[in-house]
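Okay, so here's the structure we're looking at.
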Amino acid sequence: MYSVIFCMTEFSLGMILPSRSALITGITGQDGSTLASLLLDKGYKVFGLRPYASVDDTKNLISILDDIILIDGDVTDTSNLTRILERTKPDEIYNLAAMTHVGVSFSMPEATCNINAQGVVRLLEAMRTVGIDKSARFYQASSSEMFGNAPAPQSEETPFAPCSPYGCSKLYAYWMVRTYRQAYGMHASNGILFNHEGPHRGAEFVTRKVTRALGEFLSGRKEPLPLGNLEARRDWGHAHDYMRGAWMMLQQERADDYVLATGQTRSVREFVNAAFSLAGFALVWEGQGTHEVARDAISGQVMVRVDEALFRPLEIDQLKGDSSKARSILGWEPEISFEAMVEDMVLADAPSLLNKKRYA
Ligand code: F7E
């Protein structure tokens, strides 16, 4: 199923340096793989940092494996990062490596901070040690989770109020990036990205969990999909638009911080309804609270049930971003609508719908 993976160690990097190069940490994830494709299209030489994994974690990279250079590396190891930067000397560094699951961060707060918070300091320090702090541009994957339950719409001016270990770790990293920019004149920018999804989204995030389950229902799944808080509202955009925005930030003369968001917010329940309706299911919601279920109106099959175990100790009720600054300064705007994003994900997980008339 997988192509043969060619993964270099940090010691085998005696290669010719291209005119423009980028190093992406977290290249195996949704954002890393999306950004890698985008940069390859623009003619970049792409290096991808890949933490040691005993299982193959490159499924998002299958179509570009021959075109990128994967390097064993980890943002928890300073000397490793320093040697990699010494050998690659990238023009642009995109720090996307993170423990990204907000719910999981409650059960492993220290590991979350080690990767998400300290990881960025190690990278910034490695840039200084190697002497590329003035020449290379740095992008930090900051997050709308830093806003917590601050009043919507949230912009660059909104006071932060994180309410998860994940949000706190990202806020620490955000301030370190600003501090290094001001103290050392580094071209280091924060992209404060609201939720962004797509077919490469990890299966543990709610949107992909829903679209994967939908594909399974179409193949005969019987047990209902367990979900947590159906009322949480998120500002969902498409990962492709957001990675284009990340690249645009590093093309600016001056480094700065930018919110990327659609400005529209929808509940988890609305996402479920939108995805299932594409497959011709009309869901009828019954019951209250943790006893609530959703049935298919035609067959009566229970397709979704609420599971108390999936609720978080603290929850953000609503995220809705104001990306006016990115729109006016970068000229960025999302090109893929919510409906098109849901369709992209549903078709990836339920390709049989491509041939069904009811879908068209
Ligand atoms: O949850 C609710 C859950 O895990 C969205 C990450 O990329 O975006 C993402 O963080 C909402 C939450 O994403 C389930 O409680 C209900 O309210 O898909 P999610 P997230 O936590 O918003 C931000 C911007 C990041 O930076 C993060 O790295 O959906 N929800 N039921 C559920 N969530 C999950 N995961 N699973 C459920 O069954």
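Throughout, residue positions are numbered sequentially from 1 according to the sequence presented. Every value quoted in this text rests on a predicted model; they were computed, and no experiment measured them. All ligand and atom numbering here is 1-based and tracks the order in the structure.
- Atoms of ligand 1 found under 4.0 Å from any heavy atom of L310, numbered from 1 in the order shown, are 38 (O).
- With a 4.0 Å heavy-atom cut-off, ligand 1 is reached by no atom of L230.
- Scanning all protein heavy atoms for the shortest distance to atom 12 (C) of ligand 1 gives R234 NH2, 3.5 Å.
- Both the sub-6.0 Å distance and the 45° axial angle are satisfied by R221 relative to the ring of F217.
- Of the heavy atoms in Y166, only side-chain atoms (C-beta onward) come closer than 4.0 Å to ligand 1.
- Judged by distance alone, with hydrogens and angles left aside, the side-chain atoms of Q264 form no donor-acceptor pair with the main-chain N or O of G237 at under 3.5 Å.
- Atom NE2 of H240 sits in a sparse spot, with 12 or fewer heavy atoms from other residues, nucleotides or ligands closer than 6.0 Å.
- By heavy-atom distance, the residue among R312, E204, Q318 lying nearest atom 4 (O) of ligand 1 is R312.
- Ligand 1 does not have K170 within reach: every non-hydrogen atom of the residue lies 4.0 Å or more from it.
- Using a 4.0 Å cutoff on heavy atoms, G103 does not count as a contact of ligand 1.
- Against a heavy-atom cut-off of under 4.0 Å, L193 is close to the following atoms of ligand 1: 24 (C).
- Although no hydrogens or angles enter the test, the distance criterion places no donor-acceptor pair under 3.5 Å between the side chain of S277 and the main chain of G280.
- Residue S144 approaches ligand 1 through these ligand atoms, each under 4.0 Å from one of its heavy atoms: 24 (C).
- Of all atoms in ligand 1, numbered sequentially from 1 with element shown, those under 4.0 Å from a heavy atom of A232 are 17 (O).
- Interface atoms of ligand 1 facing K209, defined by a heavy-atom separation under 4.0 Å, are 37 (C), 38 (O).
- At under 3.5 Å, a nitrogen or oxygen of S143, whether backbone or side chain, sits near a nitrogen or oxygen of ligand 1.
- For the pair F194/F147, a side-chain contact is recorded, criterion being any heavy-atom separation below 4.5 Å from C-beta on.
- Residue contacts with ligand 1, taken as heavy atom pairs separated by less than 4.0 Å, involve V206 via backbone and side-chain atoms alike.
- At a 3.5 angstrom cut-off on N or O pairs, F205 does not count as close to ligand 1.
- No donor-acceptor pair under 3.5 Å is formed between the side chain of K59 and the backbone N or O of T28.
- Under the 3.5 Å distance criterion, the side-chain polar atoms of E156 are matched with a main-chain donor or acceptor of V259.
- Distances from atom 15 (O) of ligand 1 to the heavy atoms of E315, E231, M99 put E315 nearest.
- Considering backbone and side-chain atoms alike, R201 places an N or O below 3.5 Å from some N or O of ligand 1.
- Panel note: side chain D235, backbone T262; a donor-acceptor pair is recorded below 3.5 Å.
- No side-chain donor-acceptor contact under 3.5 Å links R122 and N95.
- When atom types are taken as modelled, the side chain of D257 and the backbone of N190 share a donor-acceptor pair closer than 3.5 angstrom.
- A salt bridge is absent between E92 and K45; no separation between the charged side-chain nitrogens and carboxylate oxygens falls under 4.0 Å.
- Shown in contact with V102 at under 4.0 Å from a heavy atom are these atoms of ligand 1, numbered in order with element: 10 (O), 21 (O).
- Closest heavy-atom approach to atom 31 (N) of ligand 1 among the candidates G228, A141, S105: G228.
- The protein atom (non-hydrogen) at minimum distance from atom 20 (P) of ligand 1 is N195 ND2, 3.7 Å.
- In terms of polar-atom proximity, I316 is not counted as a contact of ligand 1, lacking any N or O under 3.5 Å from an N or O of the ligand.
- The environment of CD in E308 is sparse: at most 12 heavy-atom neighbours from other residues, nucleotides or ligands sit within 6.0 Å.
- With hydrogens and angles ignored, the 3.5 Å screen pairs no side-chain donor or acceptor of R305 with any backbone N or O of V293.
- The N/O atoms of T100, backbone and side chain alike, include one that comes under 3.5 Å of an N/O atom in ligand 1.
- Taking every non-hydrogen atom of V268 and a distance limit under 4.0 Å, the qualifying atoms of ligand 1 come out as 2 (C), 29 (O).
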